[in-house]
Amino acid sequence: EDQVTQSPEALRLQEGESSSLNCSYTVSGLRGLFWYRQDPGKGPEFLFTLYSAGEEKEKERLKATLTKKESFLHITAPKPEDSATYLCAVSGGSYIPTFGRGTSLIVHP
Amino acid sequence: DAGVIQSPRHEVTEMGQEVTLRCKPISGHNSLFWYRQTMMRGLELLIYFNNNVPIDDSGMPEDRFSAKMPNASFSTLKIQPSEPRDSAVYFCASSLRATGYEQYFGPGTRLTVT
């Protein structure tokens, strides 16, 4: 059974204070690891897909990296508008995507 | 493309009533997923369809829940009879393929059963 664990559950940062969110996973035959952003009252919004260890993707202040056991979402010099819940999901041998519980990020001005 | 469309956005109903949630996936996507999200349990997969065929409904809580996908552009999730514990946000998502591809979520339906 595929499993995804995200940490920390909640993170408070000051504007400009860089940090990382963690997504640890176990999966048989990784077919993709996905990062989503969810704002209050909205559906999750797709950010990145990573397929193999060593792969990296960037978008504005966000950078996602992948190893064989975990993925990190690095946030560089965050702004208040980066405040959201960040969800990690994996797609593996079971075909059905498995989501983590998410990390709630608050960036204070 | 307008993205995944869900209706209604909010639904308030009394216990025992039938509730029908609707979803229009992104054109060209072959897979459709229904999720339920609560503070307690997070995002739970209820059922997913591939090419309009239900593939896995093991996440459906009980027989009160049913889902259909009569064609590639429409799906429904029905709860009959509804109970207060069904109160949650229900999301529909579509994907190009069931596995290995990102999902695109609709705005969700916030269901409140009193």
Side-chain angles (χ1 to χ4, degrees), chain A residues 1-10 21 23-25 27-53 55 57 59 62 64 66 71 73 84-104, chain B residues 1-7 9-10 21 23-26 29-51 53-60 88-112:
Chain A
E1 181 179 335
D2 300 342
Q3 291 188 334
V4 176
T5 303
Q6 292 189 246
S7 62
E9 290 186 11
L21 312 182
C23 171
S24 296
Y25 66 93
V27 65
S28 57
L30 180 68
R31 295 173 183 266
L33 183 141
F34 311 94
W35 282 98
Y36 293 84
R37 169 190 171 127
Q38 186 174 22
D39 292 296
K42 296 188 177 182
E45 176 188 352
F46 169 71
L47 292 173
F48 303 110
T49 305
L50 300 168
Y51 291 107
S52 58
E55 190 175 358
K57 293 270 181 78
K59 181 180 180 180
L62 300 177
L66 181 65
S71 176
L73 185 64
T85 295
Y86 291 85
L87 298 168
C88 172
V90 294
S91 177
S94 65
Y95 294 94
I96 302 171
T98 300
F99 277 82
R101 295 297 303 272
T103 293
S104 175
Chain B
D1 201 314
V4 176
I5 299 172
Q6 290 187 249
S7 64
R9 294 295 312 277
H10 303 274
L21 311 182
C23 174
K24 175 179 169 55
I26 293 174
H29 282 191
N30 290 340
S31 298
L32 183 140
F33 306 80
W34 281 101
Y35 290 90
R36 177 171 67 178
Q37 188 175 45
T38 61
M39 289 294 292
M40 291 292 292
R41 302 172 68 90
L43 198 62
E44 301 175 275
L45 178 66
L46 300 177
I47 185 171
Y48 91 93
F49 294 83
N50 198 42
N51 292 322
V53 177
I55 302 300
D56 189 325
D57 65 355
S58 59
M60 297 286 260
V89 181
Y90 291 81
F91 289 105
C92 174
S94 71
S95 176
L96 197 60
R97 300 285 186 272
T99 184
Y101 290 84
E102 64 274 14
Q103 297 179 0
Y104 292 87
F105 285 76
T109 295
R110 180 173 294 277
L111 173 65
T112 303

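Because the structure is predicted, anything quoted here is derived from the model rather than measured. Numbered from 1 within each chain, the chains take letters A, B, ... in sequence-line order. What you see below is based on every heavy atom in this structure, not just the backbone, and it leaves out hydrogens, waters and symmetry mates.
Between A:Lys42 and B:Phe91, the closest heavy-atom pair is O-CZ, 3.6 Å. Taking both residues in full, the closest heavy atoms of B:Met39 and A:Arg101 are given as O-NH2, 3.0 Å, listed atom of the first, atom of the second, then distance. Between B:Gln103 and A:Phe46 the shortest heavy-atom distance is O-CB, 4.1 Å.
Of the listed residues (B:Gln6, B:Arg9, B:Met40), the one with the most heavy-atom contacts under 4.5 Å to chain A is B:Met40. Contacts with chain A were tallied for B:Ala93, B:Gly108, B:Pro107; B:Pro107 has the most, counting heavy-atom pairs under 4.5 Å.
The shortest side-chain heavy-atom distance between B:Gln37 and A:Phe99 does not fall under the 4.5 Å cut-off. Proximity of A:Pro97 to B:Tyr35: side-chain heavy atoms (C-beta onward) are separated by under 4.5 Å at one or more points.
Contact of A:Glu45 with chain B is not made at all, since no heavy-atom distance falls under 4.5 Å. For A:Tyr36, the part lying near chain B is the side chain, with the backbone staying farther off; criterion is any non-hydrogen pair under 4.5 Å.
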